[in-house]
Amino acid sequence: MTASGGPFRGRSREELAHVTVAEALAHPTWSMGRKITVDSATLANKGLELIEAHWLFSVPYDRVEVVVHPDSIVHALVRFRDGSALAHAGYPDMRVPISYALTYPDRAATPVPPLELVGRSIAFEAPDLEAFPLLRLAREAGERGGTFPCAYNAADEVAVGAFLDERIAFVDVPVVVESTLERVSGAPARDLQELQATDAEARRIAEGAIRADGRRG
């Protein structure tokens, strides 16, 4: 799986301490909504996609690798046992995946031009899990199983909302999520009601962590 790296690729955790909402929303390659754009900046979106890939394709977590690809041209690759790899590539335009979702298994024409390959270079790099720990936390939540992924998602939504409202700093988003994951039980849900209860509990814990941090500040 590839991640663009968002607007803060290459910055250290210390350099992220004072980034603004406007900076986080200034994605270099994708045009998306506010919440998912912040998730791209924290790499939480790739963490959620990692969990999705595990379930959608029945692939163990240790066989799903995430790499940073700043150009956002290669969206995913599949490796085969013969050493080859098949890449899904195209311009970064959400109209393509939305169209495919609506017309699957067919592919309808879109206004997006064909990918021009001449003169294009493609590079990949490893993600910085120290500066962007939400990717690591998502993998850990997925591997722990149960309702930990649900709690991860709920806490992230609350934390990102607080960041967009300028109640917490950008670097506090993963802190809130990690704190929440440490406090939930993560027990498997037996039905939808229990899953909803886990979601609500994680949101309460995350909001409490935000209020506590505000009082300390």
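For reference, positions follow the sequence shown, starting with 1.
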Does Arg9 come within less than 4.0 Å of Glu125, counting only side-chain N to carboxylate O?
-> yes
So which heavy atom on Ala138 is nearest to which on Gly47, and how close?
-> CB-CA, 3.3 Å
Is there side-chain contact between Trp55 and Ile51, with at least one heavy-atom pair below 4.5 Å?
-> yes
Hey, could you give me the CD1/CG distance between Ile36 and Leu48, rounded to the nearest 0.5 Å?
-> 7.5 Å
Which heavy-atom pair separates Ser121 from Asp71 by the least distance, and what is that distance?
-> O-OD2, 3.3 Å
Verdict with supporting geometry, Tyr152 and Val177, side-chain contact (heavy atoms from CB on, under 4.5 Å) | CA-CA 6 Å; Tyr152 173 94; Val177 174; 3.7 Å; yes
Working to the nearest 0.5 Å, report the span between CD of Glu65 and CZ of Arg79.
-> 4.5 Å
Taking the side chain as C-beta and beyond, is there a heavy-atom pair between Leu50 and His54 under 4.5 Å?
-> no
Does the ring of Tyr61 carry Arg139 above it, NZ/CZ under 6.0 angstrom from centre and within 45° of its axis?
-> no
Taking Asp128 for the side chain and Glu130 for the main chain, is one N or O donor matched with an acceptor at less than 3.5 Å?
-> yes
Can you get from Val67 to Ile73 by hopping between Ile, Leu, Val, Met, Phe, Trp and Tyr side chains that sit under 4.5 Å apart?
-> no
Output for pair (Tyr91 OH, Leu115 CG), nearest 0.5 Å, gives 5.0 Å
Would Val78 end up clustered with Ile122 when hydrophobic side chains under 4.5 Å apart are linked, directly or stepwise?
-> no
Please answer whether the main-chain N or O of Ser40 pairs with a side-chain N or O of His27 as donor and acceptor at a distance below 3.5 Å.
-> no
Taking only Lys NZ, Arg NE, NH1 and NH2, and the carboxylate oxygens of Asp or Glu, determine whether Arg204 and Glu207 approach each other closer than 4.0 Å.
-> no
Give the cluster check for Leu56 versus Tyr100: same hydrophobic cluster or not, with ILVMFWY residues linked at side-chain heavy-atom distances below 4.5 Å.
-> no
Taking a hydrophobic cluster as the set of Ile, Leu, Val, Met, Phe, Trp and Tyr residues connected by side-chain heavy atoms closer than 4.5 Å, whether directly or through intermediates, do Phe124 and Val66 fall within one such cluster?
-> no
Quick one: which residue pairs count as a side-chain hydrogen bond (donor to acceptor under 3.5 Å, both in side chains) with a foot in residues 181-192, not counting sequence neighbours?
-> Arg190-Glu194
Which atom names give the shortest non-hydrogen contact between Leu16 and Phe132, and what distance separates them?
-> CD1-CE2, 3.8 Å
Heavy-atom check, side chain of Leu77 versus side chain of Thr2, under 4.5 Å = yes
Could you tell me which residues satisfy ring-ring contact (aromatic ring centres under 6.0 Å, His included) with Phe8, sequence neighbours excluded, listed by chain and number?
-> Phe170
salt_bridge(Glu157, Arg203) N-O dist < 4.0 Å = yes
Leu134 CG to Asp39 CG distance, which is reported to the nearest 0.5 Å | 8.0 Å
On a heavy-atom basis, the closest approach of Ala209 and Ser179 is CB-OG, 4.3 Å
Hydrophobic cluster identity match, Ile98 and Val96, side-chain contacts under 4.5 Å = no
So, does Arg120 use its side chain to make a donor-acceptor pair with the main chain of Glu116 at under 3.5 Å?
-> yes
Side-chain (Thr147) to main-chain (Cys150) donor-acceptor, under 3.5 angstrom | no
Write down the atom of Gly90, the atom of His75, and the distance for their closest heavy-atom approach.
-> O-NE2, 2.9 Å
Heavy-atom pair with the smallest gap, counting every atom of Pro7 and Ala26 = CB-O, 3.4 Å
Nearest 0.5 Å, what's the OG-CG distance between Ser4 and Leu43?
-> 7.5 Å
Which is it for Val74 and His88 under the side-chain contact (heavy atoms from CB on, under 4.5 Å) test, yes or no, and what are the steps along the way?
-> CA-CA 6 Å; Val74 177; His88 177 253; over 6 Å; no
Salt bridge or not for Arg136 and Glu140, using N-O below 4.0 Å?
-> yes
CZ on Phe80 to CG on Leu86, rounded to 0.5 Å = 5.0 Å
Stepwise side-chain contact (heavy atoms from CB on, under 4.5 Å) check, Asp156 with Val173 = CA-CA 7 Å; Asp156 178 66; Val173 174; 4.0 Å; yes
Residues Met1, Val64; criterion side-chain contact (heavy atoms from CB on, under 4.5 Å); working and verdict | CA-CA 7 Å; Met1 300 173 58; Val64 183; 3.5 Å; yes
Side-chain donor or acceptor of Asp172 paired with backbone N/O of Val175 under 3.5 Å | no
Please identify each residue that fulfils side-chain contact (heavy atoms from CB on, under 4.5 Å) with Leu25, with sequence neighbours left out.
-> Val21, Arg34, Thr37, Val38, Leu164
Would you call Arg95 and Asp93 a salt bridge, taking side-chain N to carboxylate O under 4.0 Å as the test?
-> yes
Do the side chains of Arg11 and Val19 get nearer than 4.5 Å, heavy atoms only?
-> yes
Gln193 atom CD, neighbour heavy-atom count above 12 within 6.0 Å = yes
